[in-house]
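Working notes for the structure below.
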Amino acid sequence: MKIASFNINGIKARIKALPDWLDEAQPDVALLQEIKSVDEAFPRELFEERGYRVETHGQKSFNGVAILSKLPLEDVSRGLPGDDSDEQARWIEATVIGDKTAVRVCGLYLPNGNPVELDNGQPVRGGKYDYKLKWMERLHARAQELLAAEEPFLMAGDYNIIPQDEDAKKPESWQEDALARPESRAAFRRILNLGFTEAFRARTHGPGHYSFWDYQAGAWQRDNGIRIDHFLLSPQAADMMIDCQIDKEIRGREKPSDHVPIWVELDA
DNA sequence: ATGTCGGCCATAGGCCGA
């Protein structure tokens with residue numbers, strides 16, 4: 001079972017690049033972020049004609065996540081629990097029925113968190129950094145619930161977290177950024193420490209591996225990237241991992257997203 | 001330091017978010 005995650009930065013702008021990548025990469029499941037579309041406007045036929053079931057959790061202009069799956073899906077749910085007042089579409093879950101095993105998959109678009117606003121070292125209540133950290137507390141709670149089932153499950157998407165300095169070409173320029181600040185990294189580690197395996201790092205070590213290159217300042221041409229798209233695997237899913245790769249070359253194509261796909265192959 | 005996109009409203013370019 002090949003499961004991919006891809007922040008497409010707008011479905012309308014990726015109307016060619018996304019199907020092209022799907023046709024080549026042939027993931028069984030694709031978790032999409034930043035569809036930037038309401039559910040009714042999502043071009044589901046484009047994927048249905050390729051054999052994918054389509055489940056979206058969209059909103060106007062911003063955010064929005066989706067699951068495309070060639071395998072049957074059960075128990076789809078939308079929205080990260082823990083705050084009924086949160087209207088941002090950043091979380092979708094479903095159970096994928098594999099040939100051997102069912103896998104619970106969660107697609108997420110974690111808040112960016114910039115600008116960082118602190119008052120005496122505390123995030124300013126209601127600010128974007130505060131929203132990011134609170135969202136990560138809710139993610140921690142949901143992760144704990146799902147881990148308790150002791151079944152194969154994974155959470156993948158754009159975490160907007162640079163886990164360590166080696167995950168950025170220029171770590172010094174990210175020190176004060178919401179993607180790399182100590183509070184952000186600690187919140188990510190706290191989730192990891194529940195017992196997840198960070199799929200990419202379980203297989204590939206060292207610097208120079210990125211999943212995002214800014215459109216600005218020739219970041220791609222200079223390979224000035226960051227690794228912020230991650231797969232977190234439950235112990236039962238980690239035991240099934242065959243491979244995990246980042247499709248870097250996608251960034252060099254026509255009209256690319258600023259992110260590239262990352263995928264895992266599970267024996268499931 | 002800056003360099004770019006995408007989407008919205010609205011129909012040209014400014015604003016927001018990243």
Side-chain angles (χ1 to χ4, degrees), chain A residues 5-21 31-44 46 56-66 80 86-91 107-117 123-124 126-136 139 156-163 167-181 183-185 187-188 210-230 246 248-262:
Chain A
S5 166
F6 191 3
N7 180 325
I8 59 172
N9 190 20
I11 185 62
K12 296 173 193 75
R14 233 54 67 201
I15 210 73
K16 176 143 176 30
L18 177 58
D20 283 353
W21 165 73
L31 305 169
L32 307 180
Q33 301 91 41
E34 282 204 273
I35 64 172
K36 295 186 177 179
S37 163
V38 293
D39 296 336
E40 304 74 50
F42 192 82
R44 49 188 311 125
L46 207 50
T56 58
H57 179 40
Q59 72 179 86
K60 194 171 174 176
S61 305
F62 306 116
N63 310 320
V65 288
L80 182 63
D86 185 2
E87 292 181 353
Q88 300 191 31
R90 296 179 173 276
W91 178 263
L108 67 97
Y109 176 46
L110 206 145
N112 175 294
N114 286 303
V116 173
E117 294 178 277
V124 173
K128 292 192 172 177
Y129 196 47
D130 181 57
Y131 176 64
K132 177 178 194 148
L133 295 174
K134 288 206 162 73
W135 202 94
M136 294 184 81
L139 177 59
D158 177 359
Y159 279 75
N160 269 314
I161 293 283
I162 302 167
D167 299 310
K169 176 69 169 282
K170 296 182 174 180
E172 63 283 359
S173 65
W174 294 96
Q175 262 181 348
E176 299 301 319
D177 193 282
L179 275 60
R181 283 191 58 88
E183 302 88 343
S184 305
R185 286 183 171 176
F188 183 70
Y210 312 125
S211 66
F212 169 93
W213 295 259
D214 202 287
Y215 289 124
Q216 296 189 68
W220 168 246
Q221 287 73 15
R222 297 162 196 254
D223 196 27
N224 180 16
I226 53 178
R227 196 175 67 88
I228 58 176
D229 298 86
H230 310 300
I246 295 172
K248 178 176 184 178
E249 58 94 12
I250 294 294
R251 185 64 178 79
R253 298 209 180 166
E254 285 285 297
K255 211 165 159 51
S257 170
D258 41 8
H259 294 250
V260 297
I262 172 175

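We name chains A, B, ... by the order of the sequence lines, and we start the count at 1 in each one.
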Could you measure between the two [atom1] atoms, the one in [N] and the one in [M], and give it in whole Å?
N	M	atom1	answer
B:dA10	B:dC16	P	15 Å
B:dT2	B:dG13	P	24 Å
B:dC8	B:dG3	P	24 Å
B:dT11	B:dG17	C1'	22 Å

[X] [atom1] to [N] [atom2]: how many Å, rounded?
X	N	atom1	atom2	answer
A:D214	B:dT2	CG	P	13 Å
A:Y129	B:dA18	OH	P	15 Å
A:L110	B:dG17	CG	P	17 Å
A:L179	B:dG17	CG	C1'	13 Å
A:Q221	B:dT4	CD	P	11 Å
A:F212	B:dT4	CZ	P	14 Å
A:E34	B:dC16	CD	C1'	13 Å
A:K170	B:dT2	NZ	P	13 Å

Inter-residue atom distance A:I161.CD1 - A:I228.CD1, 0.5 Å rounding: 9.5 Å
On the 0 to 90° scale, with breaks at 30° and 60°, tag the A:H230-A:F188 ring pair as parallel, tilted or perpendicular. tilted
Counting any heavy atom closer than 4.0 Å, what does A:Y109 reach on the DNA or RNA strands: base, sugar-phosphate only, or nothing? sugar-phosphate
Restricting to nitrogen or oxygen on both sides, can you table the protein-nucleotides 6-12 of chain B pairs closer than 3.5 Å?
unit_1	atom_1	unit_2	atom_2	d
B:dG6	OP1	A:R14	NH1	3.0
B:dG6	OP1	A:R14	NH2	3.3
B:dG6	OP1	A:K255	NZ	3.4
B:dG6	OP2	A:K255	NZ	3.1
B:dC9	OP1	A:K60	NZ	2.8

Taking only residues two or more places apart in sequence, or in another chain, which ones meet A:D20 in a salt bridge (Lys or Arg N to Asp or Glu O under 4.0 Å)? A:K16
Residue set satisfying salt bridge (Lys or Arg N to Asp or Glu O under 4.0 Å) with A:K169, at least two apart, ordered chain then number -> none
If you compare every side-chain N and O of A:Q216 against the phosphate oxygens of B:dG3 (OP1, OP2), does one of them come in below 4.0 Å? yes
Side chain to side chain contact (heavy atoms under 4.5 Å, CB included) with A:Q175: which residues, sequence neighbours excluded? none
Sequence neighbours left out, what passes side chain to side chain contact (heavy atoms under 4.5 Å, CB included) with A:A156? Give chain and number order. A:S5, A:L31, A:L154, A:F231
Residues 218-226 of chain A side chain polar contacts: donor-acceptor under 3.5 Å, at least two apart:
unit_1	atom_1	unit_2	atom_2	d
A:R222	NE	A:A217	O	3.2
A:D223	OD1	A:W213	NE1	2.9

Nearest-nucleotide 5' precedence on DNA chain B, A:N112 against A:R222: A:R222
